[in-house]
S.K.: 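Sharing a structure here in C-alpha cells format.
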Amino acid sequence: MGWLKSLYHWTLLQAEKPRALGLLFAVSFAESSFFPIPPDTLLAPIVLARRAWWWLAASICTLGSVLGGIFGYLIGKFAFNAIGVPLLALLGKEDSLVAFEQTFNAYGWQLIFLAGFTPIPYKVFTIASGAFDIALMVFIVASVVSRGGRFFLVAGIVAILGPIAKPLIEKYFGWFTLLAGLIIVAGALAYTALH
C-alpha cells in the first residue's frame, strides 16, 4: 500500500497551492464514490493555512461530498454489476456490502448518517444505497446532515485550536466521530421511540 501513502502525502501538499479549494471539492466528490483518501486530510491543512475561511472550506467539502455521494448512489442504482461490484472489490470492500444489505432494513437512514459522519467507508453506503433502492431524498438528507456535521466539526476544531489540532485529529478522529455519531443516532432513535 505504498501508493496509498504517496497519494496521502500528495494530497497534503495540495493544501498549500492556490487551487486548494477546487481540489478540496474534487477530492470530496471522488471520496464519496471511489477515492480512497478522506477529504479531511486536505480540509485540515487548508483551514490551517486560511483559518478565517474555515466555514467556506467546510461548505465546499460538504457540497462536493454530497454530490459525490449522489454519483455513488447512481452507480449503485444503474450500474451496480458493471461498475459498483468491481469498484468495491478493488477497494477491498465487497464484504461490507453483505453486512449493509442485512442491516439496512432494520436501521435505514441511521446507517447512512453513521457512515457519513464516521470513518466507516461512506462510498460503500453510497453505492449500496442506490443498489438497494433507498429513497433518494432520505439518502440526500442523511448525507447533508452527516457529512456537513463531520466537515464543519473538523474545520471548526482546526480553526479554533490551530496547528495543535492536526495531530489530534489524525490520531483520535476515528474514535471521536464514531462516538459522536453513535450518540446522535441513539438520540434520534430515542426521540422517535418517545413520539
Side-chain angles (χ1 to χ4, degrees), residues 1 3-4 7-8 10-11 14 19-43 57-152 154 174 177-178 181-182 184-185 188-189 192:
M1 284 290 199
W3 67 272
L4 198 55
L7 187 58
Y8 173 78
W10 176 85
T11 305
Q14 302 314 303
R19 64 174 189 255
L21 290 176
L23 187 61
L24 177 63
F25 177 87
V27 168
S28 300
F29 182 95
E31 185 269 340
S32 293
S33 48
F34 61 87
F35 193 63
I37 306 293
D40 314 77
T41 60
L42 187 55
L43 177 61
S59 298
I60 288 170
C61 201
T62 301
L63 179 63
S65 184
V66 172
L67 291 176
I70 294 170
F71 180 68
Y73 181 96
L74 294 174
I75 288 173
K77 187 154 188 78
F78 299 111
F80 183 69
N81 289 328
I83 299 172
V85 171
L87 183 59
L88 293 172
L90 178 68
L91 296 168
K93 302 296 181 189
E94 61 270 65
D95 293 340
S96 302
L97 197 57
V98 175
F100 179 87
E101 186 175 18
Q102 293 172 345
T103 56
F104 192 85
N105 290 333
Y107 298 103
W109 65 268
Q110 295 93 334
L111 284 179
I112 297 168
F113 178 87
L114 201 57
F117 194 75
T118 65
I120 296 170
Y122 182 58
K123 61 193 70 50
V124 172
F125 287 82
T126 66
I127 294 169
S129 292
F132 301 134
D133 287 324
I134 305 311
L136 181 59
M137 281 312 298
V138 170
F139 172 80
I140 291 171
V141 169
S143 295
V144 168
V145 173
S146 63
R147 297 306 264 180
R150 173 179 170 160
F151 299 136
F152 274 86
V154 169
T177 57
L178 183 60
L182 288 172
I184 292 168
V185 168
L189 287 173
T192 305

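Atoms considered below: every heavy atom in the structure, side chains included; atoms not considered: hydrogens, waters and symmetry mates. Bear in mind that the values here come from a model prediction, so they are computed numbers and not experimental data.
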S.K.: To the nearest 0.5 Å, how far apart are CG in L136 and OG in S129?
M.R.: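 The CG atom of L136 sits 9.5 Å away from the OG atom of S129.
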S.K.: Kindly state each residue pair satisfying salt bridge (charged side-chain N to carboxylate O under 4.0 Å, His left out) with at least one member in residues 23-38, sequence neighbours excluded.
M.R.: E31-K123, E31-R147
S.K.: Do S65 and F151 come close enough that some side-chain heavy atom pair is under 4.5 Å?
M.R.: yes
S.K.: Tell me every residue that passes side-chain hydrogen bond (donor to acceptor under 3.5 Å, both in side chains) with T62, counting only those two or more places apart in sequence or in another chain.
M.R.: none
S.K.: So which atom in P86 and which in N81 form the shortest heavy-atom distance, rounded to 0.1 Å?
M.R.: CD-O, 3.5 Å
S.K.: Which residues pass the side-chain hydrogen bond (donor to acceptor under 3.5 Å, both in side chains) test with S143, not counting sequence neighbours?
M.R.: Y122
S.K.: Going through the distances and angles, do T126 and S32 end up as a side chain to side chain donor-acceptor pair (under 3.5 Å)?
M.R.: CA-CA 7 Å; T126 66; S32 293; over 6 Å; no
S.K.: Enter the distance from I127:CD1 to S33:OG here, rounded to the nearest 0.5 Å.
M.R.: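 Those atoms lie 7.0 Å apart.
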S.K.: Do you know which two heavy atoms are closest between L24 and A57, and how far apart they sit?
M.R.: CD2-O, 3.4 Å
S.K.: Could I get the full list of side-chain hydrogen bond (donor to acceptor under 3.5 Å, both in side chains) partners for D133, not counting sequence neighbours?
M.R.: K77
S.K.: For A30, give me all partners under side chain to side chain contact (heavy atoms under 4.5 Å, CB included), at least two apart in sequence or on another chain.
M.R.: F34, F35
S.K.: Got a list of side-chain donor-acceptor pairs under 3.5 Å for residues 66-75, not counting sequence neighbours?
M.R.:
| unit_1 | atom_1 | unit_2 | atom_2 | d |
| --- | --- | --- | --- | --- |
| Y73 | OH | I134 | O | 2.4 |

